[in-house]
Amino acid sequence: MRRSVADLLIALAILVGAIALRLYTAGAGYKADDTISFDGGWVPSLLLELAIAMAVVLGIQALLVLRAQARARHRAASPLAPFESIDRVALGRLAVVLLLAGGFIAGFTWLGYWIPALVFPPVFSVVFGYRRPVALAVATVALAGGVWFVFTDLLHVQLAPWPEFLAG
């Protein structure tokens, strides 16, 4: 598959996924501590909006490249020729990444912080072929603990550590 077609497909997938996640998180109702002027949804919203903007830029760039390529060559024998060599494995992995990201956000909303934070990184890593269990466990715990520390201690953002049915 040509790079411009792949860029366009990836841009569309990121755009659709980021918009869906942004709409989903808009109604999550995060609560903030009185000491800060923004809520717990501010950083995820910002990151999703940046992803939307980058997907638009990538899509425009891919469309410009495709347009230049179309002008440079003669008419193709088949209008579906650019899509015949699509790498189905790469598209499958992209779909899994989008599903995992959505699952993380949904899990964070319903299961609290710790369960998704300890499950998502290893699953994500295994999907992409990284299979060193000790390093994966250390990195997952360090990442989850570091993010928890930054949000709860430095930014004073209250995160639900566990789901309500486990919090007792």
Side-chain angles (χ1 to χ4, degrees), residues 1-32 36-113 115-117 119-130 139-140 143-144 146-148 150-151 154-155 157-160:
M1 171 174 24
R2 291 194 318 244
R3 182 170 182 231
S4 55
V5 174
D7 286 350
L8 183 60
L9 292 174
I10 289 170
L12 287 172
I14 292 171
L15 185 64
V16 168
I19 288 173
L21 291 174
R22 178 64 177 99
L23 292 174
Y24 179 78
T25 58
Y30 296 106
K31 303 270 189 231
I36 56 174
S37 61
F38 55 88
D39 63 9
W42 184 79
V43 172
S45 296
L46 175 67
L47 293 175
L48 288 170
E49 288 161 5
L50 287 173
I52 291 168
M54 291 188 323
V56 168
V57 168
L58 180 62
I60 290 170
Q61 179 186 10
L63 287 173
L64 291 174
V65 169
L66 283 172
R67 186 173 135 202
Q69 290 172 349
R71 285 183 177 177
R73 68 176 193 270
H74 297 286
R75 296 189 193 273
S78 166
L80 299 177
F83 298 102
E84 289 174 357
S85 62
I86 291 176
D87 184 1
R88 305 243 186 253
V89 173
L91 285 178
R93 283 187 175 174
L94 177 62
V96 168
V97 166
L98 292 175
L99 287 172
L100 285 174
F104 177 80
I105 291 172
F108 181 79
T109 303
W110 294 315
L111 299 174
Y113 173 75
I115 294 172
V119 170
F120 177 74
V123 171
F124 186 81
S125 298
V126 169
V127 165
F128 284 97
Y130 189 81
T140 298
L143 176 69
V147 170
W148 177 264
V150 167
F151 276 95
L154 299 180
L155 297 175
V157 174
Q158 301 225 351
L159 300 174

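Just the heavy atoms: all of them, side chains too, but no hydrogens, waters or symmetry mates, feed the values below. On a predicted model such as this, the values are computed, not experimentally measured, just so you know.
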Check your understanding: Considering residues at least two apart in sequence or located in another chain, which fulfil the ring-ring contact (aromatic ring centres under 6.0 Å, His included) criterion with Trp148?
Key -> Tyr113, Trp114
Review point. Between Ala13 and Leu98, which heavy-atom pair has the shortest distance, and what is it?
Key: O-CD1, 3.6 Å
Review point. Quick one: CG on Leu47 to CG on Leu21, what's the gap to the nearest 0.5 Å?
Key: 11.5 Å
Point to revise | Point-to-point distance, once rounded to the nearest 0.5 Å, from CD1 of Ile115 to CZ of Phe104 | key: 12.0 Å
Just list the side-chain donor-acceptor pairs under 3.5 Å for residues 48-62, sequence neighbours left out, or say none.
residue : atom : partner : partner atom : Å
Glu49   : OE2  : Arg22   : NE           : 2.9
Glu49   : OE2  : Arg22   : NH2          : 3.0

**Study point:** Nearest heavy atoms of Pro121 and Pro116, plus distance in Å
**Key:** CD-O, 4.0 Å
**Study point:** Counterpart residues, ring-ring contact (aromatic ring centres under 6.0 Å, His included), relative to Tyr130 (two or more places apart)
**Key:** none
Review point. Hey, what's the ring geometry for Trp110 with Tyr24, parallel, tilted or perpendicular (30° and 60° as the breaks)?
Key: perpendicular
